[in-house]
Amino acid sequence: MSSLPTKYTVGDYLAERLAQIGIRHHFVVPGDYNLVLLDKLQANPNLTEVGCANELNCSLAAEGYARANGVSACVVTFSVGALSAFNGTGSAYAENLPLILISGSPNTNDASQFHLLHHTLGTTDYSYQLEMAKKITCCAVAIARAHEAPRLIDRAIRHALLARKPCYIEIPTNLSGAECVRPGPISAVTDPVTSDKAALEAAANCAAEYLSGKLKPVILVGPKLRRAGEGAEEALIKLAEAMGCAVAVQPAAKGMFPEDHKQFVGIFWGTVSTDAADSIVHWADALLCVGTVFTDYSTVGWTAMPDIPLMAAEMDHVTFPGAHFSRVRLGEFLSHLATEVKFNNSTMIEYNRLKPDPVLVHTAAPGDELTRKEISRQIQAHIDSKTTLFVETGDSWFNGVQFKLPPGALFEIEMAWGHIGWSIPAAFGYALRHPDRKIVVMVGDGSFQVTAQEVSQMVRFNLPITIILINNRGYTIEVEIHDGSYNKIKNWNYALLVHAFNGEDGNAKGLSARTAGELQDAIKVAEENTKGPTLIECSIDQDDCSRELITWGHFVAAANARPPRLPGV
Ligand code: TPU
Ligand code: MG
């Protein structure tokens with residue numbers, strides 16, 4: 001700690017807070033409004049600066065880092081940087097991740113002097129960025145005087161950590177180096193809120209009583225379970241075992257309940273569910289929804305919305321048919337309920353009758369043309385307890401949810417925001433925090449083209465990420481929702497592109513596979529390449545897409561096409 005400053009500036013204060021909340025890497029793109037701030041962050045020995053190719057990628061890399069680390073920081077310049085970084089910030093909002101977006105801003109004298117400035121809209125009102133940030137963060141602050149910085153920085157960070165949402169901190173270029181007071185104890189920022197004891201007790205009693213009056217209870221797990229932290233995932237396993245009932249998982253929560261657990265009944269995704277998850281969810285007479293998110297995508301165009309009253313256990317409250325309880329933390333609620341419920345395994349008995357037999361997977365001969373199914377078969381064999389699988393928007397979602405995750409394997413998906421190109425920078429950010437994990441990205445050709453530059457950061461940081469690029473020559477997911485010439489894209493030489501990113505000193509490998517044997521060989525190369533990313537372009541037929549994507553696409557298209565409701569109808 002001796003190298004920490006004795007006199008604090010606003011930049012030092014922010015740096016110390018970021019380090020104290022467990023951030024080890026901060027993602028940046030420099031610009032003249034944030035350069036002094038970047039120097040201050042660099043000076044903190046506990047922070048490593050990670051430069052990104054552009055601000056969209058920077059924000060998505062921070063989004064991925066927040067998945068791995070629980071919280072992240074993205075530092076950009078005014079407007080030209082921040083407006084691009086708003087996209088990854090929106091993702092963090094939708095995906096419930098505390099990403100701290102920090103933007104440099106004009107000198108504090110400029111607004112009152114009515115100066116026109118570069119990187120702005122060409123008007124003299126510079127408040128627009130803060131106003132925009134308010135809509136996509138849980139707390140947005142602009143520091144106007146150095147003495148306000150400690151209070152505003154602490155407030156924004158605390159809000160983000162508690163709400164599991166992004167926050168925004170704007171720092172004028174002439175304040176990063178201005179003196180301010182030293183920080184107080186970090187516990188004031190990080191201490192969790194605990195449940196209201198009476199509300200917790202009442203919620204657990206109410207839930208236990210409701211469940212005891214039902215014959216066929218099922219638990220449905222959603223993506224906010226992991227975001228809740230505070231031991232909620234472990235508590236859910238205890239509750240499930242105390243209840244003995246079937247546990248289905250939403251696609252965005254895949255892996256949040258162990259897939260080798262005997263009560264796991266598959267991914268509930270309406271008509272494109274795995275195993276018999278949809279049959280058992282629709283058979284239930286009580287559905288305990290834990291951190292669930294129901295959107296048009298997760299409900300297959302609203303066709304899979306459960307039609308019984310839902311018991312919703314959220315990150316900080318629970319709502320049941322007939323009752324609501326505020327300030328009840330999810331982990332505490334699940335633990336408490338586990339001690340009060342009665343064992344009732346009727347849905348497991350029924351599920352074991354419905355459960356489909358394991359599918360026999362055909363192994364292609366080495367010379368066979370590569371297919372989607374063969375890619376999945378080979379990737380399945382490659383997944384182990386150290387794997388984190390990133391699946392991108394597109395058919396990769398549908399192929400991804402079909403995998404059987406062994407214990408320890410993790411799964412990342414961005415289904416709420418659904419930004420094509422997310423997986424490349426997000427996997428990069430995630431890998432910096434978890435260099436020990438075997439990271440595999442499944443991404444389509446269209447998505448890859450959005451954020452391809454960030455592969456060069458994987459090269460720069462020697463990260464052995466395996467990118468399985470499925471080249472079906474276009475936007476197939478869009479074809480299934482609504483086709484047109486706009487779904488065709490320019491083909492690239494993806495393997496060569498990766499070599500270009502190597503420059504003179506990189507260790508990336510780019511390969512292309514057209515047959516089953518070529519993919520097998522390429523995966524071996526990826527396994528042996530421990531010093532950089534390996535991209536394997538898998539060429540498949542344009543029409544080789546999953547049955548699930550086609551089915552889902554039809555229902556989503558129908559939901560999109562609903563005619564406007566007339567007033568009063
Ligand atoms: O498997 P496949 O071919 O569907 O995947 P690929 O090639 O990655 O194509 C994805 C096509 C796609 C688009 C264009 N999926 N969603 N969109 C809409 C979209 C547009 N812009 C952003 C930033 N995100 C989107 N999801
Ligand atoms: Mg494609």
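Note that ligands are numbered from 1 as they come in the structure, with each ligand's atoms numbered from 1 the same way.
You'll find the ring centres of Tyr93 and Trp417 outside the 6.0 Å limit. Tyr33 has its ring centre less than 6.0 Å from the ring centre of His118. Phe403 has its ring centre no less than 6.0 Å from the ring centre of Phe411. For Phe268 and His282, the ring centers are positioned less than 6.0 Å apart.
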Q: Just do the salt bridge (charged side-chain N to carboxylate O under 4.0 Å, His left out) check on Arg226 and Glu233 with the steps written out, would you?
A: CA-CA 6 Å; Arg226 179 161 296 161; Glu233 279 181 80; 3.0 Å; yes
**Q.** side chain to side chain donor-acceptor pair (under 3.5 Å) assessment of Tyr126 paired with Ser105
**A.** CA-CA 8 Å; Tyr126 300 119; Ser105 63; over 6 Å; no
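Among protein heavy atoms, atom 1 (O) of ligand 1 sits closest to Asp395 N, 2.9 Å. Nearest protein heavy-atom contact of atom 6 (P) of ligand 1 is Gly446 N, 3.6 Å. The protein heavy atom nearest to atom 22 (C) of ligand 1 is Ile420 CG1, 3.5 Å. Scanning all protein heavy atoms for the shortest distance to atom 8 (O) of ligand 1 gives Ser447 OG, 2.6 Å. When hydrogens are left out, the protein atom nearest atom 7 (O) of ligand 1 is Asp445 OD1, 2.6 Å; that is the closest non-hydrogen contact. The protein non-hydrogen atom at the shortest distance from atom 17 (N) of ligand 1 is Glu478 OE2, 3.1 Å. What sits closest to atom 26 (N) of ligand 1 on the protein, heavy atoms only, is Gly418 O, 2.8 Å. Atom 11 (C) of ligand 1 has Tyr475 CD2, 3.4 Å as its closest protein atom, hydrogens excluded (heavy atom only).
Atoms of ligand 1 found under 4.0 Å from any heavy atom of His419, numbered from 1 in the order shown, are 23 (C), 24 (N).
Around the Mg ion (ligand 2), the protein N, O or S atoms found under 2.8 Å comprise Asp445 OD1, Asn472 OD1, Gly474 O.
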Please report, to 0.1 Å, the donor-acceptor pairs under 3.5 Å made by any side chain of residues 96-104, with sequence neighbours excluded.
unit_1, atom_1, unit_2, atom_2, d
Asn96, OD1, Lys165, NZ, 2.8
Ser103, OG, Gln129, NE2, 2.9

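Counting heavy atoms closer than 4.0 Å to ligand 1, residue Ile477 contributes atoms from both its backbone and its side chain.
Ring geometry for Phe428 versus Phe461: interplanar angle of 30 to 60°, hence tilted.
Shown are Leu60, Asn57, Leu432, Val75; of these, the side-chain contact (heavy atoms from CB on, under 4.5 Å) with Phe27 is made only by Leu432.
Within the structure, the closest approach of Gly421 to ligand 1 does not fall below 4.0 Å when heavy atoms are considered.
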